Amino acid sequence: MKKILILFLIVSAYSCKTAQSTTTKDNSDPTKYVKAISEKDLKKMLYTVASDEMEGRETGSKGQKKAGLYMIEQYKKSGISFPKGASDFYQPVPATFMNARRNQNLPDSENIWAYIEGSEKPNEVLVISAHYDHVGIKDGEVYNGADDDGSGTVAVIEMAKAFAKAKKQGHGPKRSILFLHVTGEEHGLHGSRYYSENPLFPIANTIADINIDMIGRRDVEHSNTNNYVYVIGADRLSSDLHNAVVAQNEKYIKMDLDFKFNDPKDPNHFYERSDHYNFAKHGIPAVFFFNGVHEDYHGKGDEPQKIEYDALTKRTKLAFVVAWDLANRENRPVVDKK
């Protein structure tokens, strides 16, 4: 009887341990990790990415490559590696590809990618994207592109850091996340087009793209407040994605969501003008966060001292909570529109 009792206790203990090890982590509340997104860190990174030292980050230039090395250093410091299946942080984008449609004599360049593997559905991948190129030097003046798209660049890095912290504390995303910094946006969305046509992970396994392009300033339509962001494209393919943006904002951020530029008849056609579009073309639900055009758009005045860092931080947090929801929800966003 004593032996039977001991055997029962051993089996019970093993069963409890097994149950504990397979218990799904409760990732329902991102609040702790939203707080990890730091205005101070965003500002520090942006003053480097958009400094004269980076020479305006023209596609394939020495300055862009220097900015890329700095970005990779930030990932390494946070213990975030390049993706599975890749040999380093770079996806080379050849000049022949970028110049094929319209020859602008662009040199070879590269996308930069980092990756956090999902704990439960690692084969399903959420992409968070921003372009890190800008327009370089014109007439001896450096065009630093702090908002376009230094703001999106540092936002993606800061989001990755928050996800890495969550993973270290046992709350890593259930789906994998690819943090994708694309090149050649200013010349025709070349880097995102290259990735979408040469994906590291199957497009069919890509659940959505969150694209961040200019989130550090305000436009004339919102001269009295920076507590807003334009939301573009979320409902074009998936009502699930649109609902996620609205719900997560209402629950955690409470920013004014402006859908003005989401109108298919909008003459600006912003939906077709940033990198999310190359995912949407392949049927991947995509959302574009944007602060609108301001007086320094593509001008030499787009400098880091003009960024409104409280707005940059709040918009980064919005993108983060949407990403958290998509990476951890039970089902991927359904494509229910064409």
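These numbers come from a predicted model, not from an experiment.
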Shortest non-hydrogen separation from [X] to [Y] and the atoms involved:
X	Y	result
A50	A146	CB-CA, 3.7 Å
P83	L178	CG-CD1, 3.6 Å
E141	Y143	O-CD1, 3.3 Å
K161	S78	CG-OG, 3.2 Å

Option passing ring pair (Phe, Tyr, Trp, His ring centres under 6.0 Å) with H181 (candidates Y75, Y70, Y195) = Y75
For the [atom1] atom of [X] and the [atom2] atom of [Y], what is their distance to the nearest 0.5 Å?
X	Y	atom1	atom2	result
F290	R315	CZ	CZ	10.5 Å
N328	K121	CG	NZ	10.0 Å
Y33	K167	OH	NZ	13.0 Å
F201	S176	CZ	OG	6.5 Å
H222	K260	NE2	NZ	8.0 Å
N27	D325	CG	CG	11.0 Å

request  = Assess whether ring-ring contact (aromatic ring centres under 6.0 Å, His included) is satisfied between H276 and Y271, documenting all intermediate values.
outcome  = CA-CA 8 Å; H276 60 281; Y271 179 66; 5.5 Å; yes
Would you say the side chains of [X] and [Y] form a donor-acceptor pair under 3.5 Å?
X	Y	value
S151	D147	yes
D219	N291	no
H134	N144	no
D29	T31	yes
S192	D275	yes
N249	K254	no
S129	D209	yes
H131	D148	yes

With the side chain counted from C-beta on, respond yes when [X] and [Y] share a heavy-atom pair under 4.5 Å apart, and no when they do not.
X	Y	answer
Y194	P94	yes
L180	V182	yes
Q74	M71	no
I112	Y90	yes
D302	Y297	no
R102	H187	no

ask   = Could you walk me through whether K300 and V142 pass the side-chain contact (heavy atoms from CB on, under 4.5 Å) check?
value = CA-CA 7 Å; K300 60 185 179 182; V142 181; over 6 Å; no
Let me check something: do [X] and [Y] share a hydrophobic cluster, defined by ILVMFWY side-chain heavy atoms less than 4.5 Å apart, either directly or through other members?
X	Y	result
V322	Y228	no
V156	L326	yes
Y132	Y277	no
F288	V127	no
I37	I116	yes

query = Is the count of non-hydrogen atoms from other residues, nucleotides or ligands lying under 6.0 Å from K76 atom NZ greater than 12?
reply = no
task = For atom CG of N103, decide whether the heavy atoms of other residues, nucleotides or ligands shown that lie under 6.0 angstrom number more than 12.
result = yes
task = Please assess K317 against T313 for the test side-chain contact (heavy atoms from CB on, under 4.5 Å), listing each intermediate value before the final yes or no.
result = CA-CA 6 Å; K317 289 180 176 181; T313 305; 3.9 Å; yes
Looking at [X] and [Y], does any basic side-chain N land under 4.0 Å from a carboxylate oxygen?
X	Y	answer
R217	E308	no
D296	K306	yes
K25	E120	no
D240	R332	no
E73	K77	yes

query = Would F261 and F259 satisfy ring-ring contact (aromatic ring centres under 6.0 Å, His included), going step by step from the backbone distance to the final call?
reply = CA-CA 6 Å; F261 296 132; F259 296 96; over 10 Å; no
task = Walk me through it: do K165 and H171 pass the test side-chain contact (heavy atoms from CB on, under 4.5 Å)?
result = CA-CA 8 Å; K165 181 178 180 179; H171 292 280; over 6 Å; no
task = Only one of Q64, Q91, H190, R57 passes side-chain hydrogen bond (donor to acceptor under 3.5 Å, both in side chains) with T183; say which it is.
result = Q64
request  = Quick one: do D310 and N226 satisfy side-chain contact (heavy atoms from CB on, under 4.5 Å)? Show the steps, please.
outcome  = CA-CA 9 Å; D310 58 338; N226 62 22; 3.2 Å; yes
